[in-house]
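The next block holds one structure in the form of structure tokens; read it before the comments.
Sequence positions, counted from 1, serve as the residue numbers for this chain.
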Amino acid sequence: MRHKIIKSTLFFQDLFSSYFRRIRQRTVETLLLLCVCHLFGLYNPNQVADALKLPKARLYRNLGSLSLYHSKCLNLRLGCAMAVDFIKDTESKSAATQSRRCMTVSVDDSNLPRDAEEIPYCSKYYSKEHNAPIWCQNVLGITLKCGDHVLPLDMRLVSKQGRGNTDKPTLVITMLQEVLAFFDTHGIDLRKYPITFDSWYASRKLVDALSELGFTSILVHGKNNFVMTIAETKAKLSAHKKNIELCENQWGCDKPVYRAKAISPTFGECIVIFFRDRGKIRTLLVFGKPLRASEAMRTWSQHHGIEQFWRHLKTDLHVSAMSLQSREGAYVSLGIKVMSYLMLLQISISERRTFHQIQLQLTGERQTLTDFITHFHTITPKEP
């Protein structure tokens, strides 16, 4: 596995030289060193410095040299650059292969637990696990699901406090514009792929904005209190659930479903799909292209990919273990975790192993980490 790690490190060095030409070499090597150490179970600069006998001050100073602009770009350009290769590879395959991979863009946010309230973008959010409000950073993310692989396209920290810049639907549009601009420069039209949202983001304003951007398939999870007119009956979705009869063994559907055209005073015309999931009847709103039930259900199944990404950040990469000062530091901390995820994904694909299997093996071989330090020339010498 050693040569796979070295190959991945060189790959990211090439990406940095292509997209971050103004970042100093020592800063790039510090970022990559911290990413490699994540594979060996070292999740913050303190742990890395203690394990490799490196000066902590030098690591923190190199990280602190990044501007806020470059810190935010860590969460945008690297993931998008990797996604370009995945998309081009998929689009070069047959129609059957493209259908199996079912590329889908997903948007969601998650609360990342933090240990200190003084960290930027940190506020109290309710936690089901603790059954109480805890200090968290709220992160808004956009991912691309391609087959079994999930690639983060953009990540943005959202604060409860501040000026009128915490409106998530508006922030989603800004992030999507950045992502679309990146892919447009590479000759890829991301708008032709479906985009999925949780019910929290459902609004006519968002649907109209996405349509203006060029998205033709928009899927939103429905809430029970949404009012819809179905078969000339106007009622909340919770009431419609009691009157519809789900159909078993529908073509291409592994769950009982019911598809109907609906008109909403809030959203306008759309397709509503009722389906049973884990004993409950749930709803899915389809805007734009009127997808069949099987197409919509297949696409919605891809939305779980962004939940998988959040779980990897929290469980495999211990996102709470790293906390740097200032707004720049908050984005650098998140960017390092995203880079580590991308590196793990690349090695996982080549080795055909899960993230946990890779980390379990390398954590037991931590003594070999000193072999990799020779690839980071500008940060290995100790300070006099």
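Here the side chain of Q357 pairs a donor or acceptor atom with the backbone of T354 at under 3.5 angstrom. Side-chain atoms of S92 come within 3.5 Å of backbone N or O of D89 as a donor-acceptor pair.
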Contacts under 3.5 angstrom, residues 280-296 side chains, donor-acceptor by atom type, not counting sequence neighbours:
from, atom 1, to, atom 2, distance (Å)
T283, OG1, G222, O, 3.4
E295, OE1, R292, N, 2.9

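Between V257 and R276, every side-chain heavy-atom pair lies at or beyond the 4.5 Å cut-off. Contact annotation: the side chain of F183 approaches that of C80 to within less than 4.5 Å [non-hydrogen atoms, C-beta and beyond]. When side chains are defined from C-beta on, F197 does not count as touching H221, because their heavy atoms never get closer than 4.5 Å.
Between H303 and W300, the ring planes are parallel. Angles under 30° get that label, and only those over 60° would be called perpendicular. Ring geometry, Y258 versus F274: the interplanar angle falls from 30° to 60°, so the pair is classed tilted. H312 and F355 have tilted rings, their planes meeting at an angle from 30° to 60° on a 0 to 90° scale.
Between K261 and E269 there is no salt bridge, since no side-chain N of the basic residue sits under 4.0 Å from a carboxylate O of the acidic one.
Checked against side chain to side chain contact (heavy atoms under 4.5 Å, CB included), S203 has the following partners two or more places apart in sequence or in another chain: K205, L206. Taking the side chain to side chain contact (heavy atoms under 4.5 Å, CB included) definition, one finds that T363 meets it with R366, sequence neighbours left out. Residues passing the side chain to side chain contact (heavy atoms under 4.5 Å, CB included) test with N224 are S238, K241, sequence neighbours excluded. For the side chain to side chain donor-acceptor pair (under 3.5 Å) test, no residue two or more places apart in sequence or in another chain qualifies with S199.
No option in R311, K314, E307 other than K314 meets the side chain to side chain donor-acceptor pair (under 3.5 Å) test with S110.
No chain of hydrophobic side-chain contacts below 4.5 Å, direct or via other Ile, Leu, Val, Met, Phe, Trp or Tyr residues, connects V227 to I263.
Among residue pairs with one or both ends in residues 18-42, those qualifying as ring pair (Phe, Tyr, Trp, His ring centres under 6.0 Å) are F16-F20, Y19-F182, H38-Y43, F40-F372; sequence neighbours excluded.
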